[in-house]
Amino acid sequence: MEHDGTWAKWPHSRLESAAVLADSRERVLQTVREDICRSRLAPGQPLDVNLVVLRTGVSRSVVRQALRDLAEQGWLTAPGEGCVVRAPSPEEAAEIDEVRRALEEVTVRRFVAQASDSQLRALHGALLAFEDLADLPPDPSALLQARDNFYGLVLRAAGVMATLDALVALRARIVVLMCASLCSPGRPQTAAQELRDIYEALADRDADRAVQACCTHVDRSYEAGFRALAGLSDTESGNTRD
């Protein structure tokens, strides 16, 4: 196939610079997300841009762009001149939960009605992947991704792409809460059993049981998350008093 050689006209240095820039930005994203997941950064704690620059070796301009991206994704808020680790209040979480339950019920019922056997097998594979991670030393970011993979398969099999977009937006507002939940001792194993309950109800084509299992999983995730965040706040207060 003929082409106009557009790519060939790009100087190699420009292509290399773009790749370096993308790699630098991803390094900042991973570092800050990991610090939040590992509770090295607590909700309400401001980020020191200079410290991020020192830790990652990335320029201030790239760091600031990456922090703006994290704010859009729900990890941070950006009041005034700085970024602060963001977590939803119980009231905000309750509002999100109300919308999420309605969307998930539609999704579950459509999955039960139309998911193929191959899609169910793929969902089982995603469940096993989460269970494997739950038995390893805690890695909240990996667990969160595995959990998202599980739910993403349910959404795609249900054929509700508009719902997928809405749930992704809702997830961004509670991502720090979910990470805090998965940091809680024993929570990964409990979450794995909850996802298995969801899977087994879907495999049995029992929509009512699957809806209830989804609600139970989210309720327990919120409870564990807020307990963990409260513990972090107490620790921060104790450090301040000391």
Side-chain angles (χ1 to χ4, degrees), residues 29 33 37 69-75 86-134 140-182 187-188 190-225:
L29 295 175
R33 282 194 298 248
C37 286
D69 292 342
L70 288 167
E72 291 177 1
Q73 294 168 15
W75 294 87
R86 185 184 187 281
S89 66
E91 294 76 18
E92 184 181 7
E95 177 186 344
I96 292 170
D97 188 46
E98 184 177 355
V99 177
R100 182 182 180 128
R101 284 175 191 263
L103 294 174
E104 284 189 347
E105 180 167 357
V106 171
T107 300
V108 164
R109 295 191 183 282
R110 290 193 62 169
F111 182 100
V112 166
Q114 66 188 42
S116 66
D117 289 343
S118 63
Q119 287 171 325
L120 196 57
R121 286 193 295 272
L123 187 64
H124 186 249
L127 169 65
L128 294 178
F130 187 95
E131 290 177 333
D132 287 345
L133 284 171
S141 56
L143 285 163
L144 188 65
Q145 183 59 59
R147 179 180 174 278
D148 286 349
N149 291 342
F150 179 90
Y151 271 98
L153 286 169
V154 175
L155 289 160
R156 284 191 289 274
V160 283
M161 299 313 292
T163 301
L164 175 60
D165 292 340
L167 285 173
V168 167
L170 290 174
R171 174 199 178 279
R173 294 169 61 185
I174 58 170
V175 64
V176 174
L177 180 65
M178 293 296 99
C179 279
S181 172
L182 291 169
R187 179 60 195 158
T190 304
Q193 181 58 56
E194 292 162 7
L195 292 185
R196 179 162 286 278
D197 291 342
I198 295 170
Y199 166 77
E200 290 177 351
L202 293 172
D204 291 341
R205 306 288 175 170
D206 187 335
D208 289 339
R209 182 155 57 94
V211 169
Q212 184 55 52
C214 286
C215 289
T216 297
H217 172 61
V218 173
D219 286 346
R220 291 178 179 173
S221 294
Y222 281 14
E223 290 169 5

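Just so it is clear, the structure is predicted and the values come from calculations on it, not from any experiment.
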If the condition is side-chain contact (heavy atoms from CB on, under 4.5 Å), which residues does [X] pass it with, not counting sequence neighbours?
{"X": "Thr107", "answer": "Val154, Leu155, Ala158, Val160, Thr163"}
{"X": "Val99", "answer": "Leu103, Leu170"}
{"X": "Arg109", "answer": "Glu105, Ala207, Asp208, Val211"}
{"X": "Ala203", "answer": "Leu120, Tyr199"}

Separation of [Y] [atom2] from [X] [atom1] (nearest 0.5 Å):
{"X": "Ile198", "Y": "Glu104", "atom1": "CD1", "atom2": "CD", "value": "7.5 Å"}
{"X": "Arg100", "Y": "Cys215", "atom1": "CZ", "atom2": "SG", "value": "10.0 Å"}
{"X": "Ser221", "Y": "Leu182", "atom1": "OG", "atom2": "CG", "value": "7.0 Å"}
{"X": "Phe150", "Y": "His124", "atom1": "CZ", "atom2": "NE2", "value": "10.0 Å"}

Under-4.0 Å salt bridge between Arg101 and Asp97
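Salt bridge present between Arg101 and Asp97.
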Provide the closest heavy-atom pair for [X] versus [Y] in the form atom of the first, atom of the second, distance.
{"X": "Arg173", "Y": "Arg86", "value": "O-NH1, 3.1 Å"}
{"X": "Phe111", "Y": "Leu153", "value": "CE1-O, 4.4 Å"}
{"X": "Leu177", "Y": "Gly225", "value": "CD1-C, 3.5 Å"}
{"X": "Ala93", "Y": "Pro88", "value": "N-CB, 4.4 Å"}
{"X": "Leu144", "Y": "Cys179", "value": "CD2-SG, 3.7 Å"}

Output all residues satisfying ring pair (Phe, Tyr, Trp, His ring centres under 6.0 Å) with Tyr222, sequence neighbours left out; order by chain, then residue number.
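Result, ring pair (Phe, Tyr, Trp, His ring centres under 6.0 Å) vs Tyr222: none returned.
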Any residue meeting salt bridge (charged side-chain N to carboxylate O under 4.0 Å, His left out) with Arg209, in chain and number order, not counting sequence neighbours
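Scan of Arg209 (salt bridge (charged side-chain N to carboxylate O under 4.0 Å, His left out), adjacent residues dropped) gives Asp204, Asp206.
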Which pairs count as salt bridge (Lys or Arg N to Asp or Glu O under 4.0 Å) when at least one residue sits in residues 146-156, sequence neighbours excluded?
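Non-adjacent pairs meeting salt bridge (Lys or Arg N to Asp or Glu O under 4.0 Å): Asp148-Arg171.
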Would a distance-only check, ignoring hydrogens and angles, find a side-chain to backbone donor-acceptor pair under 3.5 Å from Thr216 to Gln212?
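Yes, the answer is positive, given that a donor and an acceptor are paired below the 3.5 Å cut-off.
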Given side chains that start at C-beta, do those of Ser181 and Arg187 come closer than 4.5 Å, heavy atoms only?
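Heavy-atom side-chain distance check passes, below 4.5 Å.
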Does the side chain of Tyr151 reach to within under 4.5 Å of the side chain of Leu195, using non-hydrogen atoms?
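Yes. Closest side-chain heavy atoms under 4.5 Å.
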Using the test side-chain hydrogen bond (donor to acceptor under 3.5 Å, both in side chains), find all partners of [X] that sit at least two apart in sequence or belong to another chain.
{"X": "Glu95", "result": "none"}
{"X": "Ser116", "result": "Ser118, Gln119"}
{"X": "Ser141", "result": "Glu34, Asp139"}
{"X": "Arg220", "result": "none"}

Show the atom names and distances, to 0.1 Å, of all donor-acceptor pairs under 3.5 Å that link a side chain in residues 126-134 to residues at least two apart or in another chain.
unit_1 : atom_1 : unit_2 : atom_2 : d
Glu131 : OE1    : Arg196 : NH2    : 3.1
Glu131 : OE2    : Arg196 : NE     : 2.7
Glu131 : OE2    : Arg196 : NH2    : 3.2

